[in-house]
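For the single chain, residues carry numbers from 1 onward in sequence order. Both counts, for ligands and for their atoms, begin at 1 and track the order of listing.
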Amino acid sequence: MKFLVTGGAGYIGSVMTKQLVEAGHEVTVLDNFTKGHHQAVLPQVKLVEGELLNAQRLKEVFKDGFDGVLHFAALSLVGESVTQPERYYRNNVVGTLNLLDAMREAGVKRLVFSSTAAVYGAPEETPILETAQPRPTNPYGGSKLAVDQMIGFEAAAHGLAAVSLRYFNVAGASGELGEVHNPETHLIPLVLQAAAGSRESVQIYGTDYPTPDGTAIRDYIHVEDLARAHILALTHAQPGKHEIYNLGNGKGFSVREVIETARQVTGKPIKAIETDRRAGDPPVLVASSEKAQRDLGWKPQKPELASMIADAWNWLQAHPQGYHD
Ligand SMILES: NC(=O)c1ccc[n+]([C@@H]2O[C@H](COP(=O)([O-])OP(=O)(O)OC[C@H]3O[C@@H](n4cnc5c(N)ncnc54)[C@H](O)[C@@H]3O)[C@@H](O)[C@H]2O)c1
Ligand SMILES: O=c1ccn([C@@H]2O[C@H](COP(=O)(O)OP(=O)(O)O[C@H]3O[C@H](CO)[C@@H](O)[C@H](O)[C@H]3O)[C@@H](O)[C@H]2O)c(=O)[nH]1
């Protein structure tokens with residue numbers, strides 16, 4: 001089949017593209033390279049350097065004809081979104097509205113969207129079920145929730161077969177593809193940069209959370225397990241329906257536990273400095289992925305935090321400067 005992957009030059013979209021190509025599909029990547037990397041785009045795919053906010057150009061891209069769209073392109077930093085909410089809503093919501101318009105006009109009826117645990121805010125119950133009331137604590141989560149709702153109404157009105165996958169914290173690497181954000185703000189890559197010596201230390205944002213060791217807890221999922229869930233979602237999507245699935249491992253790790261695991265995996269002393277909380281961060285996000293396991297038959301193959309950190313560490317050692325764009 002023929003798929004469009006928006007944001008396919010980014011961290012998760014590039015791993016997704018690789019899995020689609022390996023499964024024998026034809027892939028076009030659309031990316032504006034505000035965050036993406038040319039080196040992360042496989043030579044087998046067609047690359048369109050394009051912008052979701054350019055509605056006219058997007059419609060031209062759809063003249064190629066696609067069987068479905070995997071929509072990763074977004075701005076996705078919690079902290080940044082707090083200071084620039086308008087940028088997040090414009091890019092993520094208006095960008096997706098343009099995408100839905102182009103899909104409808106071209107008759108493309110299948111969509112898998114990268115939603116996020118950030119839509120839940122600080123939920124009352126852990127692990128988080130898809131039925132939990134979404135109450136985002138930051139504009140990033142707010143923009144993704146708006147898109148989830150938009151897709152739900154689009155599916156009902158126009159027969160789109162749609163799935164929103166609400167990822168928890170994605171980690172690890174896949175062969176030649178790894179996590180490089182510029183600037184990097186994610187915990188695991190920063191911890192590993194400190195292990196590698198390219199950064200002196202890592203900061204712990206907040207030690208007064210209502211958690212056993214006072215630091216925030218997240219549920220980490222391997223990027224390869226995550227990408228495999230998209231292939232299952234594509235095949236299970238039903239016309240006129242919008243399904244939502246949480247994707248995580250159902251186990252939370254505190255910031256201190258992540259740093260300690262990285263010390264064990266790398267054998268390096270990693271200097272950690274305690275600082276204030278980062279604005280917009282909820283204390284605990286842990287998934288129940290039972291719905292995905294039951295309905296999609298999804299089963300994580302690399303659920304251990306240590307194996308995610310080990311894959312990310314091996315990748316960093318092979319690519320100490322990240323990608324060379
Ligand atoms: N990394 C995580 O832990 C995580 C967790 C939950 C959800 N997500 C979601 O998964 C998706 C991918 O995340 P990632 O970590 O790979 O991010 P990323 O920044 O590495 O990739 C996103 C890509 O989208 C492109 N892009 C952004 N806006 C665009 C636009 N307007 N037009 C065209 N291209 C555009 C960027 O250049 C980048 O290559 C995002 O939607 C993010 O919100 C990520
Ligand atoms: O230098 C750092 C960086 C992060 N953290 C903490 O580590 C945790 C994880 O932070 P980070 O890796 O930045 O991820 P999140 O902010 O949890 O967000 C990620 O996970 C969300 C889903 O849970 C996604 O929606 C986002 O796109 C993705 O960036 C948080 O408690 C942070 O406060 C630190 O203590 N020090």
Colleague: On the 0 to 90° scale, with breaks at 30° and 60°, tag the His319-Trp315 ring pair as parallel, tilted or perpendicular.
Modeller: parallel
Colleague: Quick check: Asn169 and ligand 1, any N/O pair under 3.5 Å apart?
Modeller: no
Colleague: Could you see which bit of Lys144 sits under 4.0 Å from ligand 1, with heavy atoms only: side chain, backbone, both or neither?
Modeller: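 The side chain, only.
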Colleague: Which atoms of ligand 1 have any heavy atom of Phe168 under 4.0 Å away?
Modeller: 3 (O), 5 (C), 6 (C)
Colleague: For atom 5 (N) of ligand 2, what is the nearest protein heavy atom, given as residue, atom name and distance?
Modeller: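 Going atom by atom, the protein heavy atom closest to atom 5 (N) of ligand 2 ends up being Tyr205 CD1, 3.6 Å.
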Colleague: With distance as the sole criterion, is a donor-acceptor pair present between the side chains of Asp225 and Gln301 under 3.5 Å?
Modeller: no
Colleague: Identify the protein heavy atom lying closest to atom 27 (O) of ligand 2, giving its residue, its atom name and the separation to 0.1 Å.
Modeller: Tyr140 OH, 2.9 Å
Colleague: Ligand 1 versus His181, non-hydrogen atoms closer than 4.0 Å: side chain, backbone, both, neither?
Modeller: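 Side chain only.
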Colleague: Got the closest protein heavy atom to atom 6 (C) of ligand 2, with its distance?
Modeller: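 Answer, as residue, atom name and distance: Val255 CG2, 3.8 Å.
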Colleague: Is the ring pair His25/Phe3 parallel, tilted or perpendicular, if the boundaries are 30 and 60 degrees?
Modeller: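 Aromatic pair His25/Phe3 classed perpendicular.
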Colleague: At a 4.0 Å threshold, what atoms of ligand 1 neighbour a non-hydrogen atom of Ala9?
Modeller: 39 (O)
Colleague: Can you tell me how far OG1 of Thr131 sits from CD1 of Ile244, rounded to the nearest 0.5 angstrom?
Modeller: 10.5 Å
Colleague: With atoms numbered from 1 as shown, which atoms in ligand 1 lie under 4.0 angstrom from a non-hydrogen atom of Gly10?
Modeller: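 With Gly10 as reference, the close atoms of ligand 1 come out as 20 (O), 21 (O), 39 (O).
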Colleague: Applying a heavy-atom cut-off of 4.0 Å, say which part of Ile204 lies close to ligand 2: side chain, backbone, both or neither.
Modeller: backbone
Colleague: N/O of Asp31 under 3.5 Å from N/O of ligand 1, yes or no?
Modeller: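 It does: an N or O of Asp31 is found under 3.5 Å from an N or O of ligand 1.
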Colleague: Say whether Thr116, considering both its backbone and side-chain N or O atoms, lies within less than 3.5 Å of an N or O atom on ligand 2.
Modeller: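 Such a contact does occur with ligand 2.
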Colleague: What residue and atom, counting heavy atoms only, is the protein's closest point to atom 31 (O) of ligand 2, and at what distance?
Modeller: Ala216 CB, 3.1 Å
Colleague: Counting only heavy atoms, tell me which of Thr116, Leu70, Val170 gets closest to atom 2 (C) of ligand 1.
Modeller: Val170
Colleague: Should we count CD of Glu125 as having more than 12 external heavy atoms under 6.0 Å?
Modeller: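 No - once you tally the heavy atoms of other residues, nucleotides and ligands closer than 6.0 Å, there are 12 at most.
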Colleague: So, His230 versus Tyr167, ring centres under 6.0 angstrom or not?
Modeller: yes
Colleague: Numbering the atoms of ligand 1 from 1, which are under 4.0 Å from a heavy atom of Phe72?
Modeller: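 Near Phe72, meaning under 4.0 Å from one of its heavy atoms, ligand 1 has 11 (C), 12 (C), 40 (C), 41 (O).
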Colleague: What do we get for Tyr140 next to ligand 1 when only non-hydrogen atoms under 4.0 Å count, side chain, backbone, both or neither?
Modeller: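 Answer for Tyr140: side chain.
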Colleague: Any idea which protein heavy atom is nearest atom 12 (O) of ligand 2, and the distance to it?
Modeller: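 For this ligand atom, the closest protein heavy atom is Leu187 N, 2.8 Å.
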Colleague: Starting at CZ of Arg110, measure out to OG1 of Thr235 and round the result to the nearest 0.5 Å.
Modeller: 8.0 Å
Colleague: Enter the distance from Leu177:CG to Tyr323:OH here, rounded to the nearest 0.5 Å.
Modeller: 4.5 Å
Colleague: Among protein heavy atoms, which sits nearest to atom 33 (O) of ligand 2, and what does the distance come to when rounded to 0.1 Å?
Modeller: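 Scanning the protein heavy atoms, the shortest distance from atom 33 (O) of ligand 2 goes to Asp281 OD2, 2.5 Å.
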Colleague: What is the closest protein heavy atom to atom 16 (O) of ligand 2, and at what distance does it sit?
Modeller: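 Of the protein heavy atoms, Arg278 NH2, 2.7 Å lies nearest.
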Colleague: Aromatic rings Phe113 and His71: how do their planes relate, parallel, tilted or perpendicular, breaks at 30° and 60°?
Modeller: tilted
Colleague: Using a 4.0 Å cut-off to any heavy atom of Ser115, which atoms of ligand 1 qualify?
Modeller: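 With Ser115 as reference, the close atoms of ligand 1 come out as 6 (C), 7 (C).
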Colleague: At a 4.0 Å threshold, what atoms of ligand 2 neighbour a non-hydrogen atom of Tyr167?
Modeller: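 Per the distance check, 22 (C).
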Colleague: Can you figure out which of Arg256, His181, Gln203 has its heavy atom closest to atom 36 (N) of ligand 2?
Modeller: Gln203
Colleague: Short list, please: which atoms of ligand 1 are under 4.0 Å from a heavy atom of Gly50?
Modeller: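 Under 4.0 Å from Gly50, ligand 1 has these atoms: 32 (N), 33 (C).
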Colleague: Would you tell me which option among Leu53, Asn32, Val5 has the nearest heavy-atom contact to atom 33 (C) of ligand 1?
Modeller: Asn32
Colleague: For atom 29 (O) of ligand 2, grab the closest protein heavy atom and report residue, atom and distance to one decimal in Å.
Modeller: His186 NE2, 2.7 Å
Colleague: Using distance alone, decide if ligand 2 has a nitrogen or oxygen within less than 3.5 Å of any nitrogen or oxygen in Tyr220.
Modeller: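 Min N/O separation from ligand 2 is not below 3.5 Å for Tyr220.
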Colleague: Which of the numbered atoms in ligand 2 are under 4.0 angstrom from any heavy atom belonging to Ser76?
Modeller: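 With Ser76 as reference, the close atoms of ligand 2 come out as 26 (C), 27 (O), 29 (O).
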Colleague: Would a 4.5 Å heavy-atom cut-off, applied to side chains only, mark Leu99 and Val69 as touching?
Modeller: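 They are in side-chain contact.
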Colleague: Backbone, side chain, both or neither: what part of Ile12 comes under 4.0 angstrom of ligand 1, heavy atoms only?
Modeller: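 It is both backbone and side chain that touch ligand 1.
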Colleague: Strictly below 4.0 Å, N to O, side chains only: are Lys46 and Asp64 in salt-bridge contact?
Modeller: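 Looking at Lys46 and Asp64, the cut-off is met.
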Colleague: Ignoring hydrogens and geometry beyond distance, is a side-chain donor-acceptor pair present between Tyr88 and Glu80 at under 3.5 Å?
Modeller: yes
Colleague: Can an N or O of Leu190 be found at a distance shorter than 3.5 Å from an N or O of ligand 2?
Modeller: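 By distance alone, the answer is no.
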Colleague: Using a heavy-atom cut-off of under 4.0 Å, does the side chain or the backbone of Ala171 touch ligand 1, or both, or neither?
Modeller: neither
Colleague: Out of Ile188, Asn138, Asn169, Thr185, who is nearest to atom 18 (O) of ligand 2 when you count heavy atoms only?
Modeller: Asn169
Colleague: Would Ser164 and Asp148 count as having a side-chain donor-acceptor pair, cut-off 3.5 Å?
Modeller: yes
Colleague: Suppose I only count heavy atoms of Phe33 and a 4.0 Å limit; which atoms of ligand 1 are within that range?
Modeller: 37 (O)
Colleague: Please check this pair: side chain of Asn169 against backbone of Ile221, looking for a donor-acceptor N/O pair closer than 3.5 Å.
Modeller: no
Colleague: Verify, without hydrogens or angle tests, whether Asp219 (side chain) and Phe168 (backbone) share a donor-acceptor contact under 3.5 angstrom.
Modeller: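 Such a contact is absent between Asp219 side chain and Phe168 backbone.
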